[in-house]
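We're numbering straight along the sequence, starting at 1.
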Amino acid sequence: MTSDRKPTLVVIVGPTGSGKTAVAVRLAQLLDAPIISTDSRQVFRGMAIGTAQPTAEELAAATHYFIADREVSDDYNAGRFETEALTLLERLFAAHDYVIAVGGSGLYVDALCNGFDPLPQADPDLRRTLEERLRQEGLLALVAELERLDPAYWAEVDRSNPARVLRALEVCLLTGEPYSAQRRGEQRQRPFRIVKIGIEVPREELYDRINRRVDGMMHDGLLAEAERLFPLRHLNALRTVGYQELFAFFESSCSLEEAVELIKRNSRRYAKRQLTWFRRDGEIRWFGRDEVESMKNYCEKFAET
């Protein structure tokens, strides 16, 4: 610690395309803080373009953790992230007043801030049944069942992600209770303050930024990146917007132009679900992405209370 202040974790959230990474780097420089990523996909290697990992310049401008340090085949999850991030924070707070956590994965943010609720272990028989239903009935049928069993989680989950839909259904059917209710247990106490900042962008501007970012990703080589990952498409890490649509193109299910438009559409839908998730948290203070100096002042005032 470099002062008498209690260590403070600054959590930056917002929808995809809102400019969180750039804000985090600028704020890290102002607060002399390292950055940990709370993005469930940026943690994997080989997915730099499709997951919008920080650029080489951004990585050089501030120390980052949980960026491209796992293999795509690694079965990484929010529970593991919580354990590893808390161990890392203990070390980082020994040298810094502030650490910044940034990312759009609501489950990872919740795990870090509140603790990850223990859920029942996977049941092999039930999982096989659900996977067979996925093959026979399709994802939309399982999504409809999830809406009936747990409308709260249905409203916020990535409904194009079979792994998340299957896991939520599995927990609902194993326990007889909504998955969402079991993820909202008693908040665990943390040995540091937590201040939450949301990046707010007008809806039309956000959607335009998303569309242009997808075009930029394609220009930067997303197609080639997806092609390299295509043989691994069965892995959970690759059940992700940006890759799934291009995998469909490789399988001749759509044209490249159609795949790009689907990436844009699905990214916009994902951003809407992220906003639904984060808007429920009354502790988040929302700022425009250009208000970094105001964010700094807000963090310093928060740390002194």
Side-chain angles (χ1 to χ4, degrees), residues 5-28 30-31 33-40 65-66 78-79 81-83 85-86 88-90 92-93 96-118 152-153 155-158 178-203 206 270-305:
R5 290 172 173 164
K6 188 173 182 179
T8 301
L9 180 68
V10 180
V11 178
I12 300 177
V13 301
T16 186
S18 58
K20 297 184 297 295
T21 298
V23 167
V25 169
R26 290 165 61 196
L27 190 58
L30 292 175
L31 294 174
I35 297 172
I36 65 175
S37 169
T38 56
D39 188 292
S40 65
Y65 298 90
F66 296 102
F81 170 74
E82 178 193 0
T83 300
L86 290 176
L88 175 63
L89 284 173
E90 184 177 4
L92 294 179
F93 278 135
H96 298 275
D97 291 330
Y98 298 94
V99 175
I100 294 174
V102 60
S105 298
L107 189 60
Y108 277 46
V109 173
D110 281 357
L112 182 59
C113 295
N114 305 319
F116 191 76
D117 296 333
Y153 188 65
E156 63 193 33
V157 70
D158 179 358
Y179 178 59
S180 57
Q182 298 177 69
R183 289 172 46 245
R184 293 178 182 150
E186 182 177 350
Q187 180 174 340
R188 292 172 176 81
Q189 294 299 310
R190 300 302 194 203
F192 46 81
R193 298 177 187 271
I194 300 175
V195 56
K196 298 178 181 178
I197 289 174
I199 308 302
E200 192 166 37
V201 181
R203 184 66 56 90
L206 176 64
Y270 179 53
K272 186 176 180 180
R273 287 193 296 273
Q274 287 175 302
L275 284 169
T276 297
W277 180 296
F278 293 126
R279 289 292 186 191
R280 67 178 183 164
D281 189 343
E283 295 180 353
I284 295 175
R285 171 77 176 271
W286 294 88
F287 292 87
R289 66 179 183 278
D290 295 325
E291 299 180 282
V292 180
E293 191 69 38
S294 296
M295 296 177 202
K296 171 182 177 289
N297 296 334
Y298 177 67
C299 292
E300 291 177 334
K301 183 177 180 181
F302 186 93
E304 292 170 354
T305 58

With side chain to side chain contact (heavy atoms under 4.5 Å, CB included) as the test, pick out the partner of Ile100 among Leu27, Ile36, Val11.
Leu27
Please verify the inter-ring angle class for Phe81 with Phe66; under 30° counts as parallel, over 60° as perpendicular, anything in between as tilted.
perpendicular
How about Arg193 and Val195: do any of their side-chain heavy atoms sit closer than 4.5 Å?
no
Approximate separation, where rounding is to 0.5 Å, of Asp158 CG and Ser40 OG:
9.5 Å
So OG1 of Thr38 and NZ of Lys20: to nearest 0.5 Å the spacing works out to 8.5 Å
Taking C-beta and beyond as the side chain, do Tyr298 and Lys301 meet within less than 4.5 Å on heavy atoms?
no
Smallest separation among heavy atoms of Pro191 and Pro7, with atom names:
O-CG, 3.9 Å
Derivation of the salt bridge (Lys or Arg N to Asp or Glu O under 4.0 Å) call for Glu200 and Arg279:
CA-CA 11 Å; Glu200 192 166 37; Arg279 289 292 186 191; 3.0 Å; yes
Which heavy atom of Arg26 sits nearest a heavy atom of Asp290, and at what distance?
NH2-O, 4.1 Å
Between the side chain of Ser37 and the main-chain N/O of Ile35, is any donor-acceptor distance below 3.5 Å?
no
CA sep, side-chain torsions, deciding dist, call: Asp281, Val109, side chain to side chain contact (heavy atoms under 4.5 Å, CB included):
CA-CA 11 Å; Asp281 189 343; Val109 173; over 6 Å; no
Mind checking ring pair (Phe, Tyr, Trp, His ring centres under 6.0 Å) for Tyr65 and listing every partner two or more places apart, or none if nothing turns up?
none
If we only count heavy atoms from C-beta on, is the Thr8 to Glu300 side-chain gap below 4.5 Å?
no
Tell me whether Arg285 contacts the main-chain N or O of Met295 through its side chain, where contact means a donor paired with an acceptor under 3.5 Å.
no
State the CD-CG distance between Gln189 and Asn114, to the nearest 0.5 angstrom.
10.5 Å
Assess whether atom NZ of Lys272 is packed by more than 12 heavy atoms of other residues, nucleotides or ligands within 6.0 Å.
no
Interatomic distance, CD@Glu283 vs CZ@Phe278, rounded to 0.5 Å, equals 13.5 Å
Heavy-atom nearest pair, Cys299 first then Tyr98, reads O-OH, 3.8 Å
Could you tell me whether the side chain of Arg190 reaches within less than 4.5 Å of the side chain of Leu86, counting heavy atoms only?
yes
Specify the closest pair of heavy atoms between Leu89 and Phe192, including all atoms of both residues, with the distance to one decimal.
CD1-CZ, 3.8 Å
Sequence neighbours left out, what passes salt bridge (charged side-chain N to carboxylate O under 4.0 Å, His left out) with Asp39? Give chain and number order.
none
Might you work through the side chain to side chain contact (heavy atoms under 4.5 Å, CB included) test for Glu293 and Leu30, ending with a clear yes or no?
CA-CA 8 Å; Glu293 191 69 38; Leu30 292 175; 4.1 Å; yes
Please name the pair of heavy atoms, one in Ile199 and one in Trp286, separated by the smallest distance, quoted to 0.1 Å.
O-CZ3, 3.6 Å
Arg280 to Trp277, cation-pi by 6.0 Å centre distance and 45° axis angle:
yes
Hey, what do you get for CG (Leu275) to OG (Ser18), rounding to the nearest 0.5 Å?
8.0 Å
So how far is it from Thr16 OG1 to Leu206 CG, rounded to the nearest 0.5 Å?
8.0 Å
Please find the pair of heavy atoms, one from Val292 and one from Arg289, that lie closest to each other, and give the distance.
CG2-O, 3.6 Å
